[in-house]
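The block underneath contains the structure these notes are about, expressed in structure tokens.
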2 protein chains.
Amino acid sequence: MNRCSDESDVADRGACEVPLIDERATARALAALPDEGGVRTLSDMYSALSDRTRLRILLALAAEELCVCDLAAITGVSPSAISHQLRLLRDRDLVTFERVGKRAVYRLADEHVAILLEQGLRHVEERS
Amino acid sequence: MNRCSDESDVADRGACEVPLIDERATARALAALPDEGGVRTLSDMYSALSDRTRLRILLALAAEELCVCDLAAITGVSPSAISHQLRLLRDRDLVTFERVGKRAVYRLADEHVAILLEQGLRHVEERS
DNA sequence: TGAACGTATGAACAGATGTTCAGATGAGAG
DNA sequence: CTCTCATCTGAACATCTGTTCATACGTTCA
């Protein structure tokens with residue numbers, strides 16, 4: 001079903017499931033790909049931004065430090081749901097928080113997050 | 001359960017479900033938020049990049065024009081699954097394709113996509 | 001101390017998502 | 001024409017994901 005050329009380590013995880021059309025281009029593309037860990041990290045970062053609620057949380061925090069309650073009001077989502085999402089964003093190191101009395105005041109973890117959001121918004125504008 | 005100040009249109013979709021702590025900050029953050037359509041578009045873009053298979057497809061296409069078969073070999077995923085994902089990427093205007101005989105040669109839709117990927121990779125590097 | 005509040009957490013549920021499978025389409029080779 | 005190949009498609013399936021609900025925790029204030 002395939003000529004199974006073992007010269008290039010193309011997708012050697014499953015060993016030759018699919019025939020290659022353009023071996024050269026395939027080899028080059030494969031070489032250009034980040035390692036599996038890098039791809040995973042990148043997709044994890046994007047998936048954190050792929051939900052409307054989380055995205056509005058981050059965009060709001062890009063403008064102001066806010067507590068759970070206010071974020072709930074801004075997004076129109078229950079405080080519980082917000083708390084769950086904030087936990088995910090914390091695990092991804094996208095936000096940090098500080099306890100102030102009974103409140104938990106959240107902010108973006110670092111400047112890179114704000115830059116990332118801004119770049120994303122710019123791309124959306126440019127391709128309309 | 002809430003004082004329901006109707007001065008600010010905070011989350012008026014559900015009408016006052018949650019009390020506000022810091023009204024000023026909440027109002028400012030809400031004003032800074034893009035409209036619902038913008039948030040939707042942005043999250044859609046990110047969700048297209050949030051899957052490992054799709055991400056590897058795009059990263060591979062950033063290096064080389066490739067057909068479905070070669071993308072299947074590169075990612076180690078079946079041609080059928082690749083085709084499904086390419087359809088999604090086409091619908092999101094992230095890739096285009098050209099028929100060459102029986103093959104379908106895919107490429108990134110425009111330069112913005114390549115830039116977006118590169119920026120994402122850079123962010124992943126910087127925050128390690 | 002006790003009540004109210006802001007937040008966190010785990011289980012449960014519904015809806016979304018990615019892959020597989022079987023089958024169809026269209027182009028090129030014999 | 002017929003067969004093969006590359007690709008596409010829809011249904012089925014299992015898994016993942018986001019919200020809700022009930023509940024628990026820690027802080028503040030009376």
Side-chain angles (χ1 to χ4, degrees), chain A residues 1-3 13-14 17-22 25-26 39-40 43-44 46-57 65-92 95-106, chain B residues 1-3 11 13-14 17-23 25-26 39-40 43-44 46-57 65-92 95-106:
Chain A
M1 197 189 190
N2 188 1
R3 43 198 188 299
R13 32 187 150 253
E17 312 163 13
V18 166
L20 295 183
I21 303 300
D22 188 337
T26 301
V39 174
R40 167 68 127 230
S43 70
D44 281 353
Y46 284 133
S47 71
L49 304 171
S50 68
D51 175 71
R52 294 210 307 288
T53 299
R54 283 195 298 270
L55 200 48
R56 280 183 297 178
I57 288 174
E65 299 184 354
L66 293 162
C67 65
V68 176
C69 218
D70 289 343
L71 284 168
I74 290 171
T75 57
V77 175
S78 75
S80 176
I82 294 291
S83 187
H84 279 295
Q85 300 292 20
L86 283 171
R87 180 163 144 75
L88 191 151
L89 294 173
R90 254 159 36 212
D91 292 345
R92 297 270 210 284
V95 304
T96 55
F97 75 107
E98 179 192 3
R99 296 215 82 101
V100 179
K102 22 185 185 177
R103 299 196 309 144
V105 179
Y106 281 80
Chain B
M1 195 188 192
N2 187 2
R3 45 200 189 296
R13 31 187 150 256
E17 313 161 13
V18 166
L20 294 184
I21 303 300
D22 187 337
E23 290 194 38
T26 301
V39 174
R40 167 67 128 230
S43 70
D44 280 352
Y46 285 133
S47 71
L49 303 173
S50 68
D51 175 70
R52 295 210 305 290
T53 299
R54 283 194 298 271
L55 198 49
R56 281 183 296 179
I57 289 175
E65 297 183 356
L66 292 163
C67 65
V68 177
C69 218
D70 290 343
L71 284 168
I74 289 171
T75 57
V77 175
S78 75
S80 177
I82 293 290
S83 187
H84 278 295
Q85 300 292 23
L86 283 170
R87 181 163 143 76
L88 191 151
L89 292 173
R90 255 160 34 214
D91 291 346
R92 297 269 209 284
V95 305
T96 55
F97 76 108
E98 180 192 2
R99 296 216 82 101
V100 179
K102 21 183 186 178
R103 298 197 306 148
V105 179
Y106 282 81

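First the proteins, then the strands, lettered A, B, ... as listed; each starts at 1.
- The backbone N or O of B:Asp44 sits less than 3.5 Å from a side-chain atom of B:Ser47, completing a donor-acceptor pair.
- Distances shown here put every side-chain N or O of A:Arg54 at or beyond 4.0 Å from the OP1 or OP2 atom of D:dT17.
- Between A:Arg87 atom CZ and D:dT19 atom C1' there is a gap of 16 Å when expressed in whole angstrom units.
- Taking all atoms of both residues into account, the shortest heavy-atom contact from A:Ser78 to A:Ala72 is C-CB, 4.2 Å.
- Donor-acceptor pairing under 3.5 Å, judged by distance alone, is absent between the side chain of B:Ser80 and the base of D:dC8.
- Rounded to an integer number of Å, the gap from CG of A:Leu88 to P of D:dT17 is 9 Å.
- One can place CG of B:Asp44 at 14 Å from C1' of C:dT17, the figure rounded to the nearest angstrom.
- Side-chain atoms of A:Gln85 lie closest to D:dG18 of the nucleotides D:dC8, D:dG18, C:dT20.
- Close to D:dT20, at under 4.0 Å from its OP1 or OP2, lies a side-chain N or O of A:Ser78.
- If you take NE2 of A:His84 and C1' of C:dA12, they are 11 Å apart, rounded to a whole angstrom.
- Judged by distance alone, with hydrogens and angles left aside, the side-chain atoms of B:Arg52 form no donor-acceptor pair with the main-chain N or O of A:Arg40 at under 3.5 Å.
- Going from atom OH of B:Tyr46 over to atom P of C:dT17 covers 18 Å, rounded to whole Å.
- Of all non-hydrogen atoms in A:Thr75 and A:Thr53, the two that sit nearest each other are CG2-O, 4.4 Å.
- Rounded to an integer number of Å, the gap from B:Arg103 CZ to D:dA6 P is 10 Å.
- Phosphate contact (OP1/OP2 of D:dT28, side-chain N/O of A:Arg99, threshold under 4.0 Å): absent.
- The separation between A:Asp91 atom CG and D:dG18 atom P is 13 Å, rounded to whole Å.
- For A:Lys102, taking side-chain heavy atoms from C-beta onward, the closest of the listed nucleotides C:dA8, D:dG26, C:dT19 is D:dG26.
- Taking only side-chain nitrogens and oxygens, A:Tyr106 never comes nearer than 4.0 Å to OP1 or OP2 of C:dG6.
- Contact of A:Thr53 with D:dT19 (side chain to base): no donor-acceptor pair of N or O atoms is detected under 3.5 Å.
- Here the side chain of A:Thr26 pairs a donor or acceptor atom with the backbone of A:Asp22 at under 3.5 angstrom.
- Looking at heavy-atom distances under 4.0 Å, B:Ala104 makes contact with sugar-phosphate atoms alone, never a base.
- Map A:Gly101 and B:Leu86 each onto its nearest nucleotide of DNA chain D; the residue landing nearer the 5' end is B:Leu86.
- Rounded to whole angstrom, the span from the CZ atom of B:Arg52 across to the C1' atom of C:dG18 amounts to 11 Å.
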